[in-house]
Q: 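Right, I'll just put the structure down here and ask away after.
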Amino acid sequence: MNSYFTRRGKCPACGYKETKRIFTIDYLDEPIKNYLINFYNQQGYVELDYLKNSKYNLCKCNNCDLIFQDQIPNDF
């Protein structure tokens, strides 16, 4: 995780702390990188340097089954 992201320590829906990671990929791996470029280039520019050393992680809450990203962009 880099300094541009914040890690969620619990489910954003129910607040339960026990979750299971179900998917992970580097933001700069082709499927994610290509999606971000295709989507955001219509609105401007994607600054890929901010995504270095960051992972797109999906977690599933052990209580309510919500699937959510555990790392989200911070205020920067």
Side-chain angles (χ1 to χ4, degrees):
M1 185 169 74
N2 71 30
S3 60
Y4 305 114
F5 288 84
T6 300
R7 183 179 302 273
R8 291 175 167 156
K10 58 186 178 182
C11 174
C14 72
Y16 200 68
K17 292 183 180 181
E18 293 181 33
T19 63
K20 179 181 181 181
R21 185 172 294 161
I22 60 172
F23 180 78
T24 189
I25 190 171
D26 288 339
Y27 269 105
L28 297 180
D29 282 353
E30 290 304 316
I32 298 294
K33 178 181 170 183
N34 290 342
Y35 168 78
L36 292 171
I37 290 170
N38 289 331
F39 184 82
Y40 288 106
N41 270 353
Q42 298 172 20
Q43 302 172 34
Y45 174 74
V46 179
E47 297 185 46
L48 297 174
D49 287 342
Y50 292 119
L51 301 175
K52 287 181 181 174
N53 302 317
S54 294
K55 300 223 181 258
Y56 177 83
N57 296 322
L58 291 179
C59 292
K60 183 175 181 181
C61 176
N62 291 348
N63 183 52
C64 72
D65 293 331
L66 178 76
I67 296 173
F68 62 95
Q69 282 182 252
D70 74 339
Q71 295 182 40
I72 56 173
N74 60 27
D75 290 338
F76 177 79

Q: Which heavy-atom pair separates Asn41 from Val46 by the least distance, and what is that distance?
A: OD1-N, 3.8 Å
Q: State which residues pass side-chain hydrogen bond (donor to acceptor under 3.5 Å, both in side chains) with Asn34; sequence neighbours excluded, sorted by chain then number.
A: Glu30
Q: Would you mind telling me which of Leu36, Asp26, Ile32 makes a side-chain contact (heavy atoms from CB on, under 4.5 Å) with Leu51?
A: Leu36
Q: If you count every heavy atom of other residues, nucleotides or ligands that lies below 6.0 Å from Tyr16 atom OH, does the total exceed 12?
A: yes
Q: How would you list, by chain and number, every residue that makes a side-chain hydrogen bond (donor to acceptor under 3.5 Å, both in side chains) with Asp29, sequence neighbours excluded?
A: none
Q: Could you tell me the separation between the CG atom of Asn53 and the CG atom of Leu28, rounded to the nearest 0.5 Å?
A: 8.5 Å
Q: For the rings on Phe5 and Tyr27, is their centre-to-centre separation under 6.0 Å?
A: yes
Q: For Arg7 and Asp70: C-alpha separation, side-chain torsions, deciding distance, then whether salt bridge (charged side-chain N to carboxylate O under 4.0 Å, His left out) applies.
A: CA-CA 6 Å; Arg7 183 179 302 273; Asp70 74 339; 3.0 Å; yes
Q: Spell out, as yes or no, whether a donor-acceptor pair under 3.5 Å connects the side chain of Asn74 to the backbone of Ser3.
A: yes
Q: Mind checking whether Leu48 and Tyr45 sit in one hydrophobic cluster, side chains of I, L, V, M, F, W, Y counted as touching below 4.5 Å?
A: no
Q: Taking Ile37 as the starting point, is it possible to reach Tyr50 by hopping between hydrophobic residues whose side chains are less than 4.5 Å apart?
A: yes
Q: Do the side chains of Ile25 and Phe68 join up, straight or via other hydrophobic residues, at under 4.5 Å, putting them in one cluster?
A: no
Q: How long is the gap from CZ on Arg21 to OG1 on Thr19, to the nearest 0.5 Å?
A: 8.0 Å
Q: For the atom pair OG1 (Thr24) and CG (Asn57), what is the distance rounded to the nearest 0.5 Å?
A: 3.5 Å
Q: Any chance you could measure Lys20, atom NZ, to Cys61, atom SG, to the nearest 0.5 Å?
A: 13.5 Å
Q: Give me the atom names and distance for the closest heavy-atom approach of Leu66 to Cys11.
A: CD2-SG, 3.8 Å
Q: Could you give the distance from OH (Tyr4) to CD (Gln71), rounded to the nearest 0.5 Å?
A: 14.5 Å
